[in-house]
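All heavy atoms count here, side chains included; hydrogens, waters and symmetry mates do not. Here the structure is a predicted model, which means the values were calculated and not measured.
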Amino acid sequence: MAGDRQMVRGPQYVTTKLDIDGREVVIRPVEHKDVPGVARFAAALSSHDLLFMSRDIQHARVIDAWMEAVKHGEMDTLVAISGDEIVATSGVLRDPLGWSAHVFEIRLIVSPSMRGKGLGRTMLDKCVGLAIEGGAKKLCARMTPDQSGAITLFEEAGFRGEALLRDEVCDRDGKYHDLAVLALHPERVAARRNAFGEEKDS
């Protein structure tokens, strides 16, 4: 990829600074200069952490394709950075030319050392906001059923189980895994809250 290419910015990107265990973490849009850091982040993850992705982001060509999707406005990507280390990435994907242009998919990965500290929830909230601002009528996320922490995170944000895809992915050892699909309908949640004065998703 040419170094002077500019990434397309999604709606209302706002840089956020957090203090997590005394470490400053900055959440911002991905930039071309982040590609090596994204590669290092991906390389440090277990293959199981990556099974919900449609492609293996530990391959350089997949990361290049990821950045191309950002460039062409098919995905909004945020990175969380502590010092010079990327500690989380998230993506909001859409297919504006497809029959499901109203459906946006959220992908979120947090490094093991930063899980359970609120970073994932902050990034998920930002992704949901970006998707809604971008016109999403339905949000989806996929993960393996044993990723209980991730499932709880999304459920606390209002996502609910929608489907279980049997033997959907095959890991590097040839073992098949199911994928759980969770979904959120923002307009339905908003209508329910307005009608019943609910303070939380149900």
Side-chain angles (χ1 to χ4, degrees), residues 7-53 55-58 62-63 66-67 69-70 75-93 104-134 136 139-160 179-180 182-184 186 189 199-201:
M7 301 298 184
V8 173
R9 291 291 181 259
Q12 299 299 312
Y13 263 133
V14 178
T15 297
T16 299
K17 293 184 179 181
L18 305 174
D19 184 291
I20 299 178
D21 294 341
R23 299 171 61 184
E24 182 181 74
V25 178
V26 177
I27 302 173
R28 61 163 174 77
V30 71
E31 300 176 5
H32 179 80
K33 68 181 181 181
D34 297 321
V35 170
V38 170
R40 289 192 296 271
F41 170 75
L45 295 168
S46 70
S47 59
H48 189 75
D49 281 336
L50 303 174
L51 288 178
F52 72 95
M53 307 284 284
R55 295 177 177 177
D56 186 350
I57 63 170
Q58 290 182 336
V62 173
I63 294 177
W66 177 0
M67 296 301 121
V70 173
M75 182 190 307
D76 295 319
T77 291
L78 299 177
V79 290
I81 302 174
S82 176
D84 59 357
E85 176 189 4
I86 291 178
V87 294
T89 65
S90 64
V92 180
L93 295 78
F104 287 45
E105 181 182 351
I106 293 179
R107 296 176 182 171
L108 173 62
I109 312 176
V110 179
S111 66
S113 66
M114 297 297 284
R115 294 172 188 172
K117 302 177 185 295
L119 177 58
R121 182 56 192 264
T122 298
M123 294 192 72
L124 177 56
D125 288 346
K126 282 186 164 290
C127 287
V128 170
L130 288 170
I132 292 173
E133 291 168 21
L139 309 180
C140 290
R142 307 192 311 169
M143 57 209 71
T144 56
D146 61 349
Q147 292 176 314
S148 57
I151 291 174
T152 297
L153 174 67
F154 277 81
E155 287 181 339
E156 289 178 347
F159 285 74
R160 294 294 177 261
L179 280 183
L182 282 71
L184 172 69
V189 172
E199 295 298 328
K200 63 181 180 178
D201 299 308

Asker: Are any side-chain N or O atoms of Ser46 and backbone N or O atoms of Asp49, one a donor and one an acceptor, separated by less than 3.5 Å?
Answerer: yes
Asker: Sort and list the pairs that fulfil salt bridge (charged side-chain N to carboxylate O under 4.0 Å, His left out) and have at least one residue in residues 34-46, not counting sequence neighbours.
Answerer: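 Applying salt bridge (charged side-chain N to carboxylate O under 4.0 Å, His left out) to every pair that reaches into residues 34-46, excluding sequence neighbours, yields Arg28-Asp34.
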Asker: So, applying side chain to side chain contact (heavy atoms under 4.5 Å, CB included) with Leu78, which one of Leu130, Thr15, Val30, Thr89 is it?
Answerer: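 Exactly one pass, corresponding to Leu130.
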Asker: Determine whether Asp125 and Arg121 satisfy the following criterion, salt bridge (charged side-chain N to carboxylate O under 4.0 Å, His left out), listing intermediate values before the conclusion.
Answerer: CA-CA 6 Å; Asp125 288 346; Arg121 182 56 192 264; 2.9 Å; yes
Asker: Find the distance between CD1 (Ile20) and OG1 (Thr122) and round it off to the nearest 0.5 Å.
Answerer: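 One finds 7.0 Å between CD1 of Ile20 and OG1 of Thr122.
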Asker: Once you round to the nearest 0.5 Å, how far does OG of Ser90 lie from CD1 of Ile27?
Answerer: 8.0 Å
Asker: Would you name the heavy atoms of Ala39 and Ile63 that are closest together and state the gap between them?
Answerer: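 So the two residues come closest at CA-CD1, 3.6 Å.
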Asker: Do NZ/NE/NH1/NH2 and the carboxylate oxygens of Lys117 and Asp19 come within less than 4.0 Å?
Answerer: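 So Lys117 does not pair with Asp19 through a salt bridge.
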Asker: Just do the side chain to side chain donor-acceptor pair (under 3.5 Å) check on Gln147 and Thr144 with the steps written out, would you?
Answerer: CA-CA 6 Å; Gln147 292 176 314; Thr144 56; 3.2 Å; yes
Asker: Please tell me if the side chains of Ile57 and Val38 come closer than 4.5 Å, counting only heavy atoms from C-beta onward.
Answerer: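 No, too far: nothing below the 4.5 Å cut-off.
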Asker: Go through it in stages, so that I can follow the logic: the residues are Val26 and Thr16, the test is side-chain contact (heavy atoms from CB on, under 4.5 Å), and I'd like the CA-CA distance, side-chain angles, deciding distance and then a yes or no.
Answerer: CA-CA 6 Å; Val26 177; Thr16 299; over 6 Å; no
Asker: What distance do Ser148 atom OG and Met143 atom CE have between them, rounded to the nearest 0.5 Å?
Answerer: 11.0 Å
Asker: Over all heavy atoms of both residues, which pair between Phe154 and Ala141 is shortest? Give the atoms and the distance, please.
Answerer: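 Closest approach of Phe154 to Ala141, heavy atoms only: CE2-CB, 3.4 Å.
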Asker: Between Thr152 and Glu155, do the side chains contain an N or O donor and an N or O acceptor separated by less than 3.5 Å?
Answerer: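 Judged by distance alone, the side chains do not pair up.
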Asker: Check the pair Lys126 / Asp76 against salt bridge (charged side-chain N to carboxylate O under 4.0 Å, His left out), numbers first and verdict last.
Answerer: CA-CA 11 Å; Lys126 282 186 164 290; Asp76 295 319; over 6 Å; no
Asker: Which pair of non-hydrogen atoms, one from Ala80 and one from Met123, has the smallest distance, and what is that distance?
Answerer: CB-SD, 3.8 Å
Asker: Counting C-beta onward and ignoring hydrogens, is there a side-chain heavy-atom pair between Cys140 and Phe104 closer than 4.5 Å?
Answerer: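 Cys140 does not reach Phe104 side chain to side chain.
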Asker: Step by step, work out the side-chain contact (heavy atoms from CB on, under 4.5 Å) result for Val79 and Glu31.
Answerer: CA-CA 9 Å; Val79 290; Glu31 300 176 5; over 6 Å; no
Asker: Please evaluate residues Ile81 and Val87 with respect to the criterion side-chain contact (heavy atoms from CB on, under 4.5 Å), reporting the C-alpha separation (whole Å), side-chain torsions for both, the decisive distance (0.1 Å), and the verdict.
Answerer: CA-CA 6 Å; Ile81 302 174; Val87 294; over 6 Å; no
Asker: Taking the side chain as everything from C-beta on, heavy atoms only, tell me whether Ile109 gets closer than 4.5 Å to Met53.
Answerer: yes
Asker: Side chains of Leu139 and Val92: does their closest heavy-atom pair fall under 4.5 Å?
Answerer: no
Asker: Hey, what do you get for CD (Glu24) to NZ (Lys17), rounding to the nearest 0.5 Å?
Answerer: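 Atom-to-atom, Glu24:CD and Lys17:NZ are 5.0 Å apart.
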Asker: Which atom names give the shortest non-hydrogen contact between Gly120 and Leu108, and what distance separates them?
Answerer: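 Looking at all heavy atoms of both residues, the closest pair is O-CD2, 3.5 Å.
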Asker: For the residue pair Ile86 and Gly37, what are the closest heavy atoms and their distance?
Answerer: CD1-C, 3.6 Å
Asker: With the side chain counted from C-beta on, respond yes when Val128 and Phe159 share a heavy-atom pair under 4.5 Å apart, and no when they do not.
Answerer: yes
Asker: Could you check if a side-chain atom of Leu182 sits within less than 4.5 angstrom of a side-chain atom of Arg160, using non-hydrogen atoms only?
Answerer: no
Asker: How close do Leu45 and Gln58 get, counting heavy atoms only, and between which atoms?
Answerer: O-NE2, 2.9 Å
Asker: Got a second to check how far Cys127's SG is from Glu105's CD, nearest 0.5 Å?
Answerer: 11.5 Å
Asker: With side chains defined as the heavy atoms from C-beta onward, is the minimum distance between Leu93 and Arg107 less than 4.5 Å?
Answerer: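 The answer is yes; the side chains approach within 4.5 Å.
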Asker: List the steps and the verdict of side-chain contact (heavy atoms from CB on, under 4.5 Å) for Val70 and Trp66.
Answerer: CA-CA 7 Å; Val70 173; Trp66 177 0; 4.1 Å; yes
Asker: Mark yes or no for whether Glu156, through its side chain, and Leu153, through its backbone, hold a donor-acceptor pair below 3.5 Å.
Answerer: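 Not a single qualifying donor-acceptor pair exists.
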Asker: Can you find a heavy atom in the side chain of Leu50 that is under 4.5 Å from one in the side chain of Asp56?
Answerer: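 Result yes, sub-4.5 Å side-chain heavy-atom pair found.
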